[in-house]
Amino acid sequence: MSENELYFEDVELGDDLGPVKRVITLEQVQGFVKLWGDEEKPSRFTSQQVAIDEGLPGAIVPGAMNIGILAQVITGWCANVVLRTLDLVFRQMVRHDVTYYLKGIVTDKEILEGIPTVECDVWMEDLDGTRLVIGKATVIFPMRGSTNVP
Amino acid sequence: MIAGYAKTTGETAKRYIGTEALASPVLCTMFTQGLVRPDIKLEFGGIGLFAGEAIDNISLVKVGDILEGKTKLKEVYVKTGRSGKMVFSVWETKFHRPDGEIVALVRESYVQREKKS
């Protein structure tokens, strides 16, 4: 994670984001599920058996948790980036205790209605390079010399 | 809530951790998880899975903020792929402050796949 600052002028098409290495544990998932108040009974997120009984290959990471994790490839890019939109598609299930990489690439940059805007593709992939979660992010950067803080 | 979210998702960016932290820009996606939605009588396929989610952030969320959310069914549609027919239902939740200022829009998409015989 970088606490450096970047400006719109510093960002170029094709710039890579990440990779950020992540292994999501059962304890993390239990903590996350507890936050939304659903920790009472075992679920596909917290129990291998319940997940298998539901026809899944094993306990999975909640989609909302994947969003919070994949967003970090943006929020960890630099200290002054603002995540405006994030739109994700879940193509495959994300499992516990598996090594994943969060990655991204800058696909476009332009000033839209006076706002310095950068578009990125982002994804979560496994060690084989299979993309399990894919999506697009729109982020805003300040411009050098501008007093406007996004 | 903000600290717990940062901890469980492994957030390390300084602005999102600590007692004076901002909320992660995707925090509102978690609030929709505990919602009980009306039964739309969708009788198709087997287990429903989370297919996707999108968030539009309109303003920052800080410690002590009070948010309200309203959810509506945005659309239901059918797609046919290699594995057969799939039915998607999309729900949209608008989060706002008590004074009406909109904070975020969250769209969740769920899919139900055709049952294999």
Side-chain angles (χ1 to χ4, degrees), chain A residues 1-3 20-25 27-38 44-45 51 53-56 60-72 74-93 102 133-140, chain B residues 1-17 21-36 45-61 69 79 81 83 86 88 90 93 104-113 115-116:
Chain A
M1 297 293 133
S2 173
E3 293 298 332
V20 178
K21 184 180 175 182
R22 279 299 164 83
V23 178
I24 305 157
T25 65
E27 290 71 26
Q28 278 180 282
V29 174
Q30 286 171 331
F32 188 86
V33 169
K34 192 175 178 181
L35 284 177
W36 88 59
D38 196 23
R44 67 175 79 163
F45 306 125
D53 289 347
E54 290 186 1
L56 302 173
I60 60 174
V61 178
M65 187 170 179
N66 290 324
I67 294 168
I69 291 166
L70 189 46
Q72 292 167 32
I74 298 291
T75 59
W77 188 359
C78 61
N80 56 343
V81 63
V82 173
L83 178 60
R84 182 63 199 271
T85 70
L86 184 62
D87 190 345
L88 299 183
V89 176
F90 301 103
R91 296 172 74 175
Q92 294 190 38
M93 282 165 271
L102 318 177
V133 183
I134 61 170
K136 291 185 177 297
T138 306
V139 303
I140 299 169
Chain B
M1 175 66 76
I2 289 175
Y5 187 87
K7 182 180 177 188
T8 56
T9 58
E11 179 64 76
T12 58
K14 283 182 184 166
R15 59 197 184 281
Y16 302 121
I17 55 179
L22 294 170
S24 160
V26 293
L27 177 74
C28 286
T29 61
M30 193 195 64
F31 296 139
T32 60
Q33 299 306 301
L35 291 178
V36 178
I47 183 173
L49 292 172
F50 205 21
E53 187 157 30
I55 181 166
D56 296 350
N57 288 302
I58 295 156
S59 76
L60 298 172
V61 177
K79 270 189 175 179
S83 58
M86 296 170 283
F88 291 81
V90 181
T93 303
L105 289 171
V106 175
R107 286 177 302 284
E108 302 161 279
S109 179
Y110 294 88
V111 60
Q112 286 183 239
R113 294 175 189 275
K115 269 183 185 164
K116 299 241 169 75

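Every chain is numbered from 1 and lettered A, B, ... according to where its sequence line falls, protein lines coming before strand lines. These numbers come from the heavy atoms of this one structure, side chains and all, not from hydrogens, waters or symmetry mates. Predicted, not measured: the structure shown is a model, and the values here were computed from it.
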The interface call for A:V23 against chain B, heavy-atom contacts under 4.5 Å, is neither
(request) Please check if the side chain of B:R113 supplies one atom and the backbone of B:L49 the other of a donor-acceptor pair under 3.5 Å. (result) no
Comparing A:T138, A:V89, A:T25, A:L88 against chain B, the one with the most heavy-atom pairs below 4.5 Å turns out to be A:L88
With sequence neighbours left out, the residues meeting side chain to side chain contact (heavy atoms under 4.5 Å, CB included) with B:A6 are B:E11, B:I17
**OP:** Please assess B:Y110 against B:F88 for the test ring pair (Phe, Tyr, Trp, His ring centres under 6.0 Å), listing each intermediate value before the final yes or no.
**Re:** CA-CA 5 Å; B:Y110 294 88; B:F88 291 81; over 10 Å; no
Scored by heavy-atom pairs under 4.5 Å with chain B, the best of A:A71, A:G68, A:G135 is A:G68
Using residues 23-32 of chain B as the side-chain source, report each donor-acceptor pair under 3.5 Å to any protein atom, sequence neighbours left out, with the distance given to one decimal.
{"residue": "B:S24", "atom": "OG", "partner": "B:V26", "partner atom": "N", "Å": "3.2"}
{"residue": "B:T29", "atom": "OG1", "partner": "B:V26", "partner atom": "O", "Å": "2.6"}
{"residue": "B:T32", "atom": "OG1", "partner": "B:T29", "partner atom": "O", "Å": "2.9"}
{"residue": "B:T32", "atom": "OG1", "partner": "B:E108", "partner atom": "OE2", "Å": "3.1"}

(request) For the residue pair A:F45 and A:W36, categorise the inter-ring angle as parallel (less than 30°), tilted (30 to 60°) or perpendicular (more than 60°). (result) perpendicular
Comparing B:V106, B:N57, B:L105 against chain A, the one with the most heavy-atom pairs below 4.5 Å turns out to be B:N57
Looking only at A:I74, A:V61, A:L83, the option with the highest number of non-hydrogen pairs under 4.5 Å against chain B is A:L83
